[in-house]
Amino acid sequence: MRVVFMGTPEFSVVALQALIDAGHDIACVYSQPPRPAKRGQKERPSPVHAHAEATGIPVRTPLNFKDSAERDAFAALSADVAVVVAYGLILPQAILDAPTHGCLNIHASLLPRWRGAAPIHRAIEAGDSQTGVGIMQMEAGLDTGPVLLEDRLSIGETETTGALHDRLALMGGGLIVQALEQLGDLAPVPQNPALATYAHKIDKAETRIRWSESADTVKQKINAFSPFPGAWFEVSGERVKVLRAGLSPETGACAGEVLHGLTIACGDGAAVQLLDVQRAGKKAGSAEDFLRGHPIAAGTVLD
């Protein structure tokens, strides 16, 4: 099929390459414009932009589609279908209608659960046991369109957003290839709006660990916010990011009490075990590595 691909982050690259490998004609790639990045604030193309250029596919990076010239240029591509994966722009109806088969979105949740910007983070934060990928026929609403194809997987007990992201990206790449192969035979399944939940963007104000919350809540937030933006606590005036945590069978009398090592009591008396941590400006490592240079006495109460 003649495909227009619209995506921006690393998650989208997997789907783009899957479509290339399947032999589809990628007429053009749309991505967010290059942004200033890291030291020097030099503009850097998005992962999708860079991958498309490396494979010889033309790339367009409009700020939006308000200009009729941009909408006409999109329509002039005469695409059979557009595949949209974490693109970052709301598409107007003229864009949704331009390809013969419309626009298909790869969404990393079991819709209508976790519509919106951060479905992987919020699924882990909520303690969901399952998630998955849906291929959705796009319409004007935010992730409201009917689902054409879906697959699911279980979320591991200490799985982080980073690890789950990679598994879902691979699933999405395989699923969109399957969807295009079966496009004329797939029956759209409408979403039930009464079951919808929204995966709002992560606010950095959410990321400080609050030991007064339950051990389940603390563990889920840590794993949900890993590797970015990262949940954190302070000890001896230093901020420590926690990248993975599990539950401990131990109990404590005081929220924030260090039982031993990096096993910390929470507000419900249960405890979490911090497994992977990172000091500011340092490489990530295991709790054991951290404690060799920075032991924390049992009985210490963390804020």
Side-chain angles (χ1 to χ4, degrees), residues 1-36 43-108 111 115 117 133-149 169 172-188:
M1 301 184 78
R2 185 169 170 82
V3 177
V4 171
F5 187 88
M6 311 178 84
T8 297
E10 200 66 47
F11 184 88
S12 311
V13 172
V14 179
L16 174 57
Q17 187 59 49
L19 292 169
I20 294 169
D21 291 343
H24 293 287
D25 173 21
I26 311 300
C28 186
V29 162
Y30 280 75
S31 194
Q32 286 286 294
R35 309 287 190 199
E43 286 195 343
R44 178 175 297 185
S46 74
V48 164
H49 185 159
H51 191 79
E53 283 194 338
T55 53
I57 301 170
V59 179
R60 297 177 184 173
T61 58
L63 289 172
N64 54 55
F65 290 97
K66 293 179 181 179
D67 190 333
S68 61
E70 285 290 355
R71 298 195 296 272
D72 291 345
F74 182 89
L77 292 167
S78 301
D80 295 314
V81 68
V83 172
V84 185
V85 197
Y87 177 34
L89 282 182
I90 300 296
L91 302 182
Q93 196 64 47
I95 298 297
L96 297 176
D97 292 341
T100 304
H101 297 284
C103 298
L104 303 185
N105 177 242
I106 304 174
H107 189 77
L111 291 167
R115 296 173 177 173
V133 171
I135 307 299
M136 180 189 66
Q137 185 78 53
M138 294 180 71
E139 56 184 34
L142 177 63
D143 298 331
T144 58
V147 176
L148 300 176
L149 198 62
L175 210 60
I176 190 60
V177 170
Q178 182 183 343
L180 295 191
E181 288 174 352
Q182 302 174 358
L183 195 53
D185 301 320
L186 295 173

Check against side chain to side chain contact (heavy atoms under 4.5 Å, CB included), Ile26 and Ile20: CA-CA 7 Å; Ile26 311 300; Ile20 294 169; 4.0 Å; yes

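- Contact of the Leu63 side chain with the Pro33 side chain is registered, since non-hydrogen atoms from C-beta on lie closer than 4.5 Å.
- Counting only distance, with no hydrogens or angles, the side chain of Thr8 and the backbone of Tyr87 share a donor-acceptor pair below 3.5 Å.
- Heavy-atom minimum distance, Leu96 versus Glu139: CD1-C, 3.6 Å.
- Annotation for Ala79 and Val4: closest pair CB-CG2, 3.7 Å, computed over non-hydrogen atoms.
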Val29 and His49: CA distance, side-chain angles, deciding distance, side chain to side chain contact (heavy atoms under 4.5 Å, CB included) verdict: CA-CA 7 Å; Val29 162; His49 185 159; over 6 Å; no

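- The pair Asp80-Arg2 does not meet the salt-bridge criterion, since no charged nitrogen lies less than 4.0 angstrom from a carboxylate oxygen.
- The shortest heavy-atom contact between Leu91 and Met6 is CD2-CE, 3.9 Å.
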Derivation and outcome, side chain to side chain contact (heavy atoms under 4.5 Å, CB included), residues Glu181 and Leu186: CA-CA 10 Å; Glu181 288 174 352; Leu186 295 173; over 6 Å; no

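- Taking 4.5 Å as the limit, every side-chain heavy atom of Phe5 sits out of range of all side-chain heavy atoms of Val84.
- The shortest heavy-atom contact between Ser12 and Val48 is CB-CG2, 3.5 Å.
- Judged purely by atom type and a 3.5 angstrom limit, Thr55 uses its side chain to pair as donor or acceptor with the backbone of His51.
- Judged by distance alone, the side chain of Arg60 and the main-chain N or O of Glu70 form no donor-acceptor pair under 3.5 Å.
- Within the 4.5 Å cutoff, side-chain heavy atoms of Pro99 are placed close to those of Phe74.
- Proximity of Asn105 to Val83: side-chain heavy atoms (C-beta onward) are nowhere separated by under 4.5 Å.
- Nearest heavy-atom pair, Ile176 versus Ala15, reported as atom, atom and distance to 0.1 Å: CG2-CB, 4.5 Å.
- Taking CD1 of Ile90 as the reference point, atom CG of Leu142 lies at 6.0 Å (rounded to 0.5 Å).
- Between the His24 side chain and the Leu19 main chain, no donor and acceptor come within less than 3.5 Å of each other.
- In this model, no donor atom of one side chain and acceptor atom of the other lie less than 3.5 Å apart for Gln32 and Thr61.
- Checking Leu148, Leu149, Leu180 one by one against Leu175, the side chain to side chain contact (heavy atoms under 4.5 Å, CB included) holds for a single residue, Leu149.
- Considering every non-hydrogen atom in both His101 and Gln137, the closest pair reads O-NE2, 3.1 Å.
- Between the OG1 atom in Thr144 and the CE atom in Met138 there is a gap of 9.0 Å [rounded to 0.5 Å].
- The aromatic rings of Tyr30 and Phe65 are tilted relative to each other, their planes meeting at an angle between 30° and 60°.
- Between Val81 and Leu104 the shortest side-chain heavy-atom distance falls below 4.5 Å.
- Atom-to-atom distance recorded for Met136:CE and Cys103:SG is 10.0 Å, nearest 0.5 angstrom.
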